[in-house]
There are 4 protein chains.
Amino acid sequence: MTELADTPVQPGAARTQGRPRSSRAHEAILEAVLDLLAEGVSVETLSMEAIAARAGVGKATIYRRWAGKDDLLLEALVKLKGPPPQPEGDSVRADMIRLLTVVGPKDERAVRVMPCLFPEVHRSSEAYRIWQEAMAEPRREVMRQVLRRGIAAGELRAGIDVEIAVSMLISPMLLHRMVRWNPALDGYEDLAEQVVDVVLRGIAA
Amino acid sequence: MTELADTPVQPGAARTQGRPRSSRAHEAILEAVLDLLAEGVSVETLSMEAIAARAGVGKATIYRRWAGKDDLLLEALVKLKGPPPQPEGDSVRADMIRLLTVVGPKDERAVRVMPCLFPEVHRSSEAYRIWQEAMAEPRREVMRQVLRRGIAAGELRAGIDVEIAVSMLISPMLLHRMVRWNPALDGYEDLAEQVVDVVLRGIAA
Amino acid sequence: MTELADTPVQPGAARTQGRPRSSRAHEAILEAVLDLLAEGVSVETLSMEAIAARAGVGKATIYRRWAGKDDLLLEALVKLKGPPPQPEGDSVRADMIRLLTVVGPKDERAVRVMPCLFPEVHRSSEAYRIWQEAMAEPRREVMRQVLRRGIAAGELRAGIDVEIAVSMLISPMLLHRMVRWNPALDGYEDLAEQVVDVVLRGIAA
Amino acid sequence: MTELADTPVQPGAARTQGRPRSSRAHEAILEAVLDLLAEGVSVETLSMEAIAARAGVGKATIYRRWAGKDDLLLEALVKLKGPPPQPEGDSVRADMIRLLTVVGPKDERAVRVMPCLFPEVHRSSEAYRIWQEAMAEPRREVMRQVLRRGIAAGELRAGIDVEIAVSMLISPMLLHRMVRWNPALDGYEDLAEQVVDVVLRGIAA
DNA sequence: TGGTAATCGAGACGGTACGTCACGTCTTTCG
DNA sequence: CGAAAGACGTGACGTACCGTCTCGATTACCA
């Protein structure tokens with residue numbers, strides 16, 4: 001295969017000498033990971049060799065950038081999820097329901113990958129940090145703002161604990177999407193609505 | 001190593017001829033899995049060879065009993081968790097809080113293993129089935145009964161959806177224990193109390 | 001590929017437990033080495049992976065038996081050379097010429113491999129030992145006997161140093177066959193004759 | 001590392017444009033090769049990357065000058081050996097013994113490298129050519145002259161084959177020095193003398 | 001009581017993937 | 001434009017496990 005072109009990655013970094021790292025290779029690797037996952041390869045059976053072959057890249061080129069499979073997977077997933085959705089401000093209830101139900105266009109792959117990140121996130125503090133910063137915290141922050149707006153508007157009680165409310169809203173949805181924790185909920189198309197209703201009533205003014 | 005004795009396992013099964021399977025080997029294998037996990041071996045780096053060596057058992061003896069690592073791990077975890085706790089019936093609130101905070105004596109190992117089961121549970125329908133039957137459903141059932149008792153006693157509104165309430169109660173605790181999903185909640189020793197309070201107010205009569 | 005059958009190798013050795021090593025695999029590996037060499041693969045470009053693939057064997061099966069490529073090559077060559085030729089006893093001169101010119105049926109491969117053993121023999125004392133015992137010494141011994149018979153018959157001077165004579169007879173032939181050390185000798189079909197004549201005259205009675 | 005100065009090599013060559021090649025780099029590379037060998041790195045484990053690093057040179061700078069490792073090694077060895085010794089003319093016997101026993105000051109490295117050249121010399125006709133021209137032929141030529149002088153002086157028979165005599169004299173010494181072909185000769189400090197005596201007697205007038 | 005049959009620990013089997021290393025080439029910046 | 005630096009695709013290295021398959025040696029049941 002002909003070698004990848006050479007747009008440098010990290011142009012302002014300390015490394016200035018030598019041939020710069022190819023951004024095309026970088027992208028090709030991340031794309032290969034997501035492609036293979038989309039084709040049904042499970043995260044456990046996903047091999048670095050297959051990724052390298054699919055990306056048309058040497059294994060060393062992957063290991064030059066990421067410490068291991070988990071590291072790579074994490075970045076691929078962060079790239080996949082993209083920025084969190086923004087509330088429209090109609091009402092706390094409507095905003096919340098929308099936030100809990102938005103599904104990105106490629107979320108099919110995300111649903112497959114996310115459960116596989118749990119072991120890694122549980123084990124590595126670095127993975128945990130990335131995961132929190134890139135995925136969890138931005139989404140929590142959006143919900144905090146919605147709740148605070150509700151408090152300011154008098155919809156919600158002033159003394160409520162925003163963190164707990166956020167966790168209570170997201171957790172059931174997350175577990176349901178990820179591992180279908182309670183099969184009895186499978187029929188609920190309006191699960192988000194019901195969760196929001198219970199929590200909002202629980203913290204209403 | 002000297003061979004394990006041979007108290008038969010599955011004494012009433014169809015296999016009647018030949019040497020019966022050693023129940024000592026069975027136990028030794030499960031113990032080896034839990035020991036290795038307790039010693040800090042992650043589930044991903046846990047190898048069948050290490051298990052066999054630790055248990056003083058041939059690899060074939062493991063594969064004769066379980067289909068693979070996931071299968072074995074699941075059984076080890078079920079054995080570890082034991083039966084779900086029983087409510088004492090004081091009040092819905094007190095029972096719930098107790099159910100959400102009980103920690104078995106060996107739960108240190110369980111916390112380590114559980115996140116690693118998520119990928120497997122997400123992928124394999126058989127693992128999902130076992131996990132639901134042996135771990136999730138029994139615990140959900142206990143909580144359902146508490147809630148129904150609350151309805152019968154007039155503490156809770158009659159029309160509430162028990163399944164949703166159960167999921168809303170457990171999910172934040174589960175995610176917190178397993179992956180510390182919201183780091184802001186780390187300081188809450190009374191997290192269970194607060195979650196229960198919000199939900200109960202949300203579904204109060 | 002179906003697994004190789006299971007005639008044990010080293011039947012009297014210390015290892016008695018476990019599945020015995022397959023002698024078929026052993027043979028297949030050595031054959032693969034010689035086949036690849038015969039097909040023109042140089043010793044430097046000969047890879048363990050190619051050997052394993054050709055032999056239909058896992059790489060571990062090779063490394064279980066030999067420490068590395070050199071070790072394996074040495075055994076393959078010893079197998080290739082076979083036992084040294086035997087003199088017929090006509091006369092010292094005729095016997096010597098025959099010994100110096102005999103070429104085994106597969107010597108084409110031997111000529112290719114032998115020069116490649118020199119670095120290894122020079123570096124590893126173990127390789128040196130095997131090479132001496134299996135290849136060099138048996139051939140030297142045959143020549144010693146011929147010379148001693150010549151002394152006993154009065155053809156050769158009694159005080160000659162047999163070791164030096166042997167080295168002087170073999171060395172020019174060896175260097176010529178292996179690296180064509182002196183290109184001016186290329187045309188000599190009767191090189192062995194001439195070498196023998198000079199040495200015999202030099203040590204004649 | 002600071003760049004090497006740039007005294008041009010080949011000042012009169014066709015390349016006139018651009019920066020001339022640094023003769024310092026050339027020397028540094030050859031020195032690096034010999035240094036690494038002297039430090040015990042075997043020829044097989046000697047890597048171009050290590051040479052470049054030791055010489056403070058980019059790999060491309062090496063490949064710009066030599067086709068590969070063998071090419072480079074050959075030049076390093078030729079540089080190491082230096083010109084062949086000159087006979088003093090006392091007598092054929094004394095000259096020969098001196099020629100066969102001279103050991104250059106750095107021959108320690110030469111002894112290590114020479115056996116490693118055999119595979120290369122056997123395989124590559126280009127390596128063979130360089131080796132013959134730079135190392136073997138000059139030394140053979142010196143010995144031819146000594147022998148011819150002996151013939152002219154009536155010391156040696158007129159009809160002898162000089163090429164064969166040369167090969168017979170050098171070969172046992174070469175094999176002994178390089179691979180200790182016959183361990184029984186290890187104790188001979190006067191091996192050269194004995195070899196010369198046998199050959200001279202064999203070709204005496 | 002002696003044969004039959006399945007299991008035992010042990011470890012070799014053909015494989016796959018690992019993470020590293022070196023190859024020889026290519027692409028930067030610097031002098 | 002040559003220099004160093006170092007990334008590139010390639011491919012072999014030697015190791016670790018995978019899940020399967022012999023081995024000889026134990027057990028139990030059943031005749």
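Proteins come first, then strands; the chains are lettered A, B, ... in the order of their sequence lines, and each starts at number 1.
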Heavy atoms, side chains only, cut-off 4.5 Å: are [X] and [Y] in contact?
X       : Y       : value
V121(A) : I130(A) : no
E75(B)  : V78(B)  : no
L73(B)  : L77(B)  : no
K79(A)  : E31(A)  : yes

Take the protein atom [atom1] of [X] and the nucleotide atom [atom2] of [N], then report the distance between them rounded to whole Å.
X      : N       : atom1 : atom2 : value
H26(B) : dC8(E)  : NE2   : P     : 11 Å
D70(B) : dC17(F) : CG    : P     : 17 Å
M48(C) : dG14(E) : CE    : C1'   : 16 Å
L72(B) : dC18(F) : CG    : C1'   : 15 Å
Y63(D) : dC8(F)  : OH    : P     : 18 Å
E49(B) : dT15(F) : CD    : P     : 15 Å
I51(C) : dG14(E) : CD1   : P     : 14 Å
R21(B) : dC29(F) : CZ    : C1'   : 16 Å

Is R65(B) near enough to dC8(E) that one of its side-chain N or O atoms lies under 4.0 angstrom from OP1 or OP2? yes

Aromatic centroids of W66(D) and H26(D) separated by under 6.0 Å: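 Centroid distance H26(D)-W66(D): below 6.0 Å, so yes.
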
Base, sugar-phosphate, or nothing for A60(B), non-hydrogen atoms under 4.0 angstrom?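 Base: the residue A60(B), judged by heavy atoms under 4.0 Å, touches a nucleobase.
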
Can you give me the N/O atom pairs linking the protein to nucleotides 3-5 of chain E at distances under 3.5 Å, or say none if there are none?
none

Nearest-nucleotide comparison on DNA chain F, the residue closer to the 5′ end among S47(B) and K59(C):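 With S47(B) and K59(C) compared, the 5'-side residue is K59(C).
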
Run the salt bridge (charged side-chain N to carboxylate O under 4.0 Å, His left out) check on E39(C) and R54(C) step by step: do they pass? CA-CA 12 Å; E39(C) 288 170 10; R54(C) 165 68 63 108; 2.9 Å; yes

Side chain of [X] (C-beta onward), nearest among [options]:
X      : options                  : answer
R64(A) : dC18(F), dC8(F), dC13(F) : dC8(F)
T61(B) : dG19(F), dG14(E), dG9(E) : dG9(E)
K69(C) : dC8(F), dC13(F), dA22(E) : dC13(F)

Kindly state each residue pair satisfying ring pair (Phe, Tyr, Trp, His ring centres under 6.0 Å) with at least one member in residues 28-57 of chain C, sequence neighbours excluded.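 For residues 28-57 of chain C: none.
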
Taking for each residue the nucleotide of DNA chain E bearing the nearest heavy atom, is the 5' side occupied by A52(B) or by G68(A)?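 Checking each residue's closest nucleotide, the 5'-ward one belongs to A52(B).
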
Identify, between L46(D) and G58(B), the residue whose nearest nucleotide on DNA chain E lies closer to the 5' end. G58(B)

